[in-house]
There are 2 protein chains.
Amino acid sequence: MKSEARSVGLPTTDWAAHAEQELKRAGHRSSAPRSAVVEVLGRQGCVLSAREIADELRADGRDVGIATVYRALELLDELHLVQRLDVGEGTVRYEPAHPSGEHHHHLVCDSCGRVSSFEDRDLERAIAHLAGRLDYQVGGHDVVLRGACPACSSA
Amino acid sequence: MKSEARSVGLPTTDWAAHAEQELKRAGHRSSAPRSAVVEVLGRQGCVLSAREIADELRADGRDVGIATVYRALELLDELHLVQRLDVGEGTVRYEPAHPSGEHHHHLVCDSCGRVSSFEDRDLERAIAHLAGRLDYQVGGHDVVLRGACPACSSA
DNA sequence: CTATAAGTGAGAATCACTATCGCTCGCGGG
DNA sequence: CCCGCGAGCGATAGTGATTCTCACTTATAG
């Protein structure tokens, strides 16, 4: 099978190291708070909100101001090192973006709100083909499927 | 050509009348403020935020409380008479949803923020096919392409 | 080692949206 | 046609996420 729902969480290999490197290359200093944010993102691998990141850091005993978390995420987003995901519940989530360009999309459960991911070559192909036909400079895309996750639909 | 970017704005035929009818059928009273919201949505046909709707109404001299606009939109959303679109700028936009099930997706310009729409049969087919293969009860989907609109990319 | 500007963080400000609550009015029964 | 009641309204307070401000800290070039 080419595509299937799975719980969020990619291999992550060394996204964190890559991100640090890109930050440096873009002329940014390294700092403990920002590195901590990068590390948490890399460790979790899945969609996280700014608050979740801050909470995670606090649990680790590394208090980082929420403003700093937002700033780090904004910066990472500018450098295309993270992917923003807004599923419409008022909070934006972020996840590491792999430089390979390989990416996935999301399934959002309407009842429990849980997010999972999938990837599908055919879908990517359809989008790429479509983008070529549009009179538009397409740079990226997001696909969100909504429905009931296995747990909720069986309950 | 099967698909092409165009400015937002569908024929609209008589979405407003249809919506009113559905509201009545669902056991809701008719009221001037809510009808006004429906009318604005139907008239514009394109993605509108709650605030934009309220402003439009105020310009028409029909002041409608912002809370009422939100309530009307929530109701319309529950009845699947509108489609929510969250392009990630902190405000949710709505547009009429046509009962035919026919729908379109959106292009968001990263520089000017303008939203336009497109439809593509192949994309729909890819998503439908994909949904069938996933272990997930897929009920709907959103696709957002990001990039530079013709105006911005030529500038 | 030192200057300096990037980066930090506490808290205020903003903004979209939701909850509250007394008042209004559409509408079915009389 | 009139009445009563509960759906609906709207001003306003509240909430929660995100951004702004500003004085303080610290990484790094020289």
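A, B, ... follow the sequence lines: proteins, then strands. Residue 1 opens every chain. What you see is a predicted model; the values in this text were computed from it and never measured.
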Report task. Check the pair B/H104, B/E95 against side-chain hydrogen bond (donor to acceptor under 3.5 Å, both in side chains), reporting the backbone distance first and the verdict last. Result -> CA-CA 11 Å; B/H104 54 264; B/E95 66 183 4; 3.0 Å; yes
Requested in this report: Would you confirm whether B/W15, through its side chain, and B/V82, through its main-chain N or O, come within 3.5 Å as a donor-acceptor pair?
Outcome: no
Report summary line: B/S30 has its side chain closest, among D/dA27, D/dG10, C/dC27, to C/dC27
Report summary line: note: B/K24, atom NZ; D/dA7, atom P; distance rounded to Å ~ 17 Å
Report task. Please work out if A/R71 contacts a base, only the sugar-phosphate, or nothing of the nucleic acid, heavy-atom cut-off 4.0 Å. Result -> base
Query raised in the report: Over how many whole Å does the gap from A/L23 atom CG to D/dT28 atom P extend?
Result: 12 Å
**Report entry** Between D/dC20 (P) and A/E74 (CD): distance, integer Å
**Finding:** 8 Å
Query raised in the report: Taking CD1 from A/I53 and P from D/dT18, how many angstroms apart are they, rounded to a whole number?
Result: 10 Å
Query - Pair B/E22 + B/R25, salt bridge at N-O below 4.0 Å - result: yes
Query - Nearest to side-chain heavy atoms of B/T91, which nucleotide of D/dC9, C/dC17, C/dG7 - result: C/dC17
Requested in this report: Give the nucleotide from the list D/dC9, C/dA19, C/dA16 with an atom nearest to the side chain of B/Y70.
Outcome: C/dA16
Query raised in the report: What's the CG-C1' distance between A/L48 and D/dT18, to the nearest Å?
Result: 17 Å
Query - NE2-CZ distance between B/H141 and A/R146, expressed to the nearest 0.5 angstrom - result: 11.5 Å
**Report entry** OP1 or OP2 of C/dG7 under 4.0 Å from side-chain N/O of A/H28
**Finding:** yes
Requested in this report: May I have the distance from A/I66 (atom CD1) to C/dA10 (atom P), rounded to whole angstrom?
Outcome: 11 Å
Query raised in the report: With sugar-phosphate meaning primed atoms plus P, OP1 and OP2, does B/T68 contact a base, only sugar-phosphate, or nothing at under 4.0 Å between heavy atoms?
Result: base
Query raised in the report: Should the heavy atoms of other residues, nucleotides or ligands under 6.0 Å from CD of A/Q137 be counted, would the total exceed 12?
Result: no
**Report entry** Nucleotide D/dC9, atom C1' - distance to CZ of B/R62 in whole Å
**Finding:** 16 Å
Query raised in the report: Closest nucleotide of DNA chain C for B/R51 versus for B/A32: which of these residues is on the 5' side?
Result: B/R51
Report task. Check whether any side-chain nitrogen or oxygen of A/R34 sits under 4.0 Å from OP1 or OP2 of C/dG7, and answer yes or no. Result -> yes
Report task. Give the nucleotide from the list C/dG26, D/dT18, C/dG7 with an atom nearest to the side chain of B/R29. Result -> C/dG26
Requested in this report: Please report, rounded to the nearest Å, how far the P atom of C/dC17 is from the CG atom of A/D86.
Outcome: 11 Å
Query - Upstream residue (5' side of DNA chain C) when B/A67 and B/G90 are each assigned their closest nucleotide - result: B/G90
Query raised in the report: Does D/dC9 have OP1 or OP2 sitting under 4.0 Å from an N or O in the side chain of B/S31?
Result: yes
